[in-house]
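Below you'll find the structure, written out as structure tokens, and then a few comments.
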Amino acid sequence: MLIAVDGPLASGKGTIARALAARFALPHLDTGTLYRAVAVAVLEAGSDPSDASAAEAAARSLDPSQIDEAKIRTAGAGAAASIVSAHPQVRAALKHVQQAFARQPGGAVLDGRDIGTVIAPDADVKLFVTASAEVRASRRWNELVGRGETVALEQVMSQLLERDGRDAARPDAPLLKADDAIELDTTDMDEGEAIRAAIDIVAGRMKP
Ligand code: C5P
């Protein structure tokens, strides 16, 4: 079974995707890690994330098995990821890694922005996870502060709106709900409720 989970920043899609993978015993790929790792490589090389050739070179030489979780989870890496991810060359370079993962026998769970629309349009179940900007900003702020970053909630909110805007406005594979995706709004749900709702949707789709 192939499950696509898309949605904006801090909507809960990552948590939901991990829980679905555990519940249905499927491998999981958080595709945001790939774009974040490309962004970190570009920054570490002293290049500008808006430089398409530098970003493409980083994407082509990316080794997904060597991604440093601590480095890619910072707010700076996330912001740069949303810039490198707008380059069509970067998206093309990362497409085959994601599609190879999606095509594993037995299926997989992938989460990102364009899984249901571009990477796996043939997915068996597509979820589009949303939440209000206020709730998402507060979730991300808690996550960053929990990781030891010093950042104001207002700053997280403005970065979130900026990233949402960039992800939705890019011409190549923008953040978009697939026509056949089921929307799951987690604004008023805690983690457990969101996970249960997602499991119910997938289980409902599995019934003959
Ligand atoms: O999901 P996460 O916040 O880790 O993603 C970081 C950035 O990578 C996003 O803001 C988005 O610009 C980009 N991304 C993407 N397509 C995906 C996954 C992430 O463009 N499938």
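All of these numbers come straight from a predicted model, not from anything done at the bench. Order of listing sets the numbers, starting from 1, for every ligand and every atom in it.
Using a 4.0 Å cut-off between charged nitrogen and carboxylate oxygen, Glu143 and Arg140 count as a salt-bridge pair. Ion pairing of Arg73 with Asp30 is present here, as a side-chain N (NZ or NE/NH1/NH2) and a carboxylate O approach within less than 4.0 Å.
The nearest protein atom to atom 16 (N) of ligand 1, hydrogens excluded, is given as Arg91 NH2, 3.0 Å; this is a heavy-atom distance. Protein heavy atom closest to atom 18 (C) of ligand 1, with residue, atom name and distance, is Thr31 OG1, 3.4 Å. Arg163 NH2, 3.4 Å is the protein heavy atom nearest to atom 6 (C) of ligand 1. The protein heavy-atom contact nearest to atom 7 (C) of ligand 1 is Ala81 CB, 3.7 Å. Considering only non-hydrogen protein atoms, atom 10 (O) of ligand 1 sits nearest to Asp167 OD2, 2.9 Å. Looking only at protein heavy atoms, the nearest one to atom 8 (O) of ligand 1 is Tyr35 CB, 3.5 Å. Among protein heavy atoms, atom 9 (C) of ligand 1 sits closest to Arg113 NH2, 3.3 Å.
Across all their heavy atoms, Leu127 and Ala198 have their closest contact at CD1-CB, 3.9 Å.
Proximity of Arg36 to ligand 1, defined as any heavy-atom pair under 4.0 Å, is confined to the side chain (atoms from C-beta onward). By the criterion of a heavy-atom distance under 4.0 Å, the side chain of Arg170, and not its backbone, is placed next to ligand 1.
Proximity of Lys126 to Thr117: side-chain heavy atoms (C-beta onward) are nowhere separated by under 4.5 Å. For the pair Phe128/Lys13, no side-chain contact is recorded, criterion being any heavy-atom separation below 4.5 Å from C-beta on.
A donor-acceptor pair under 3.5 Å links the side-chain atoms of Thr187 to the main chain of Ser132, judged by distance alone. Put simply, the side chain of Glu193 gets close to the backbone of Asp190: a donor and an acceptor are under 3.5 Å apart.
The shortest N or O to N or O distance between Asp114 and ligand 1 is under 3.5 Å.
Per-residue contacts place Ser85 under 4.0 angstrom from the following atoms of ligand 1 (heavy atoms of the residue considered): 11 (C), 12 (O), 13 (C), 20 (O). Near Ser82, with a cut-off below 4.0 Å to any heavy atom, the atoms of ligand 1 are 10 (O), 12 (O).
With hydrophobic clusters built from ILVMFWY side chains whose heavy atoms lie under 4.5 angstrom apart, Leu26 does not share a cluster with Leu29.
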